[in-house]
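Input: a single structure, listed below in structure tokens.
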Amino acid sequence: MRQQDWLFPHVFRKVGWLIVAVLSIFFLVLRSNAGQEYFDSYRNGRDYPLSWADYTDIIVNVFIIGFAIGLILIAFSREKHEDEMIQKLRLQALQWSVYANYIVLILCSLLFYWTDFFNVLVLNMYTVLLAFIIVFRWTLHQMNKESLS
């Protein structure tokens, strides 16, 4: 089976960016003091079965799952013109992103402990995909820039 068979259609990249952008903005607003104050004032006088902490847990889970899905769609959607050169760039970017992920993990294991290290592990779930997207997009940009000159 060819590598292209495992990639999502090109349009899914836009869907991934939309998911990441919407969830990021939504999460940042809800996690801010203004977001908590808004929901606290909205809840006053009403009987809700869940506390703010329960809602926060649900919001965090939605963010974790949605952000991962969005990054996967961005990272593994076909290019408009997918060829062997782009497949090679994908493979190299994936290799470098795994290196970067484990370098970050090793450094953080030396610098952070207990709860702080758990937070690092949560963020580390995304470093492979984020590094892959950054490296792959950068190398594609450089390749396109060189082909134009």
Residue among Gln87, His10, Arg90 satisfying side chain to side chain donor-acceptor pair (under 3.5 Å) with Glu82:
Arg90
Can any side-chain N or O of Ser77 pair as donor or acceptor with the backbone N or O of Ile74 at less than 3.5 Å?
no
Using side-chain heavy atoms (C-beta onward) and a distance below 4.5 Å, is Leu89 in contact with Gln92?
yes
Show which residues join Phe117 in its hydrophobic cluster (side-chain heavy-atom contacts under 4.5 Å, direct or indirect), or state none.
Val98, Tyr102, Leu105, Leu111, Phe112, Val120, Leu121
Ile133 CD1 to Arg13 CZ distance, which is reported to the nearest 0.5 Å
9.5 Å
If the plane angle is over 60° it's perpendicular, under 30° parallel, otherwise tilted; pick one for Tyr99 and Trp96.
perpendicular
Using 0.5 Å steps for rounding, measure from the NE2 atom of His141 to the CD atom of Glu146.
10.0 Å
Trp17 and Ile72: same hydrophobic cluster, using ILVMFWY side-chain contacts below 4.5 Å?
yes
Are Val11 and Leu7 in one and the same hydrophobic cluster, where Ile, Leu, Val, Met, Phe, Trp and Tyr link if side-chain heavy atoms are under 4.5 Å apart?
yes
Heavy-atom side-chain contact between Met125 and Val122 under 4.5 Å
yes
Test of understanding: clusters of I, L, V, M, F, W, Y form through side-chain heavy atoms closer than 4.5 Å, transitively. Do Leu107 and Ile134 belong to the same one?
no
Heavy-atom closest pair (Gly66 atom, Ile19 atom, distance to 0.1 Å) is O-CG2, 3.3 Å
What pairs with Ser97 under side-chain contact (heavy atoms from CB on, under 4.5 Å), at least two apart in sequence or on another chain?
Leu94, Val128, Ala131, Phe132
Candidates Ile64, Ile69, Leu71 - the one meeting side chain to side chain contact (heavy atoms under 4.5 Å, CB included) with Phe67:
Leu71
Point-to-point distance, once rounded to the nearest 0.5 Å, from CG of Leu23 to CG of Leu18:
9.0 Å
Cluster link Phe76 to Val135, ILVMFWY, side chain under 4.5 Å:
no
Atom OH of residue position Tyr126 - does it have more than 12 heavy atoms of other residues, nucleotides or ligands inside 6.0 Å?
yes
Which ILVMFWY residues are connected to Ile106, directly or by a chain of links, through side-chain heavy atoms under 4.5 Å apart?
none
Gap separating the CD1 atom of Ile86 from the CG atom of Leu140, nearest 0.5 angstrom:
5.5 Å
When you group the ILVMFWY residues by side-chain heavy-atom contacts below 4.5 Å and let the links chain together, are Val20 and Val22 in the same group?
no
For the residue pair Asn144 and Ser147, confirm or rule out a side-chain donor-acceptor distance under 3.5 Å.
no
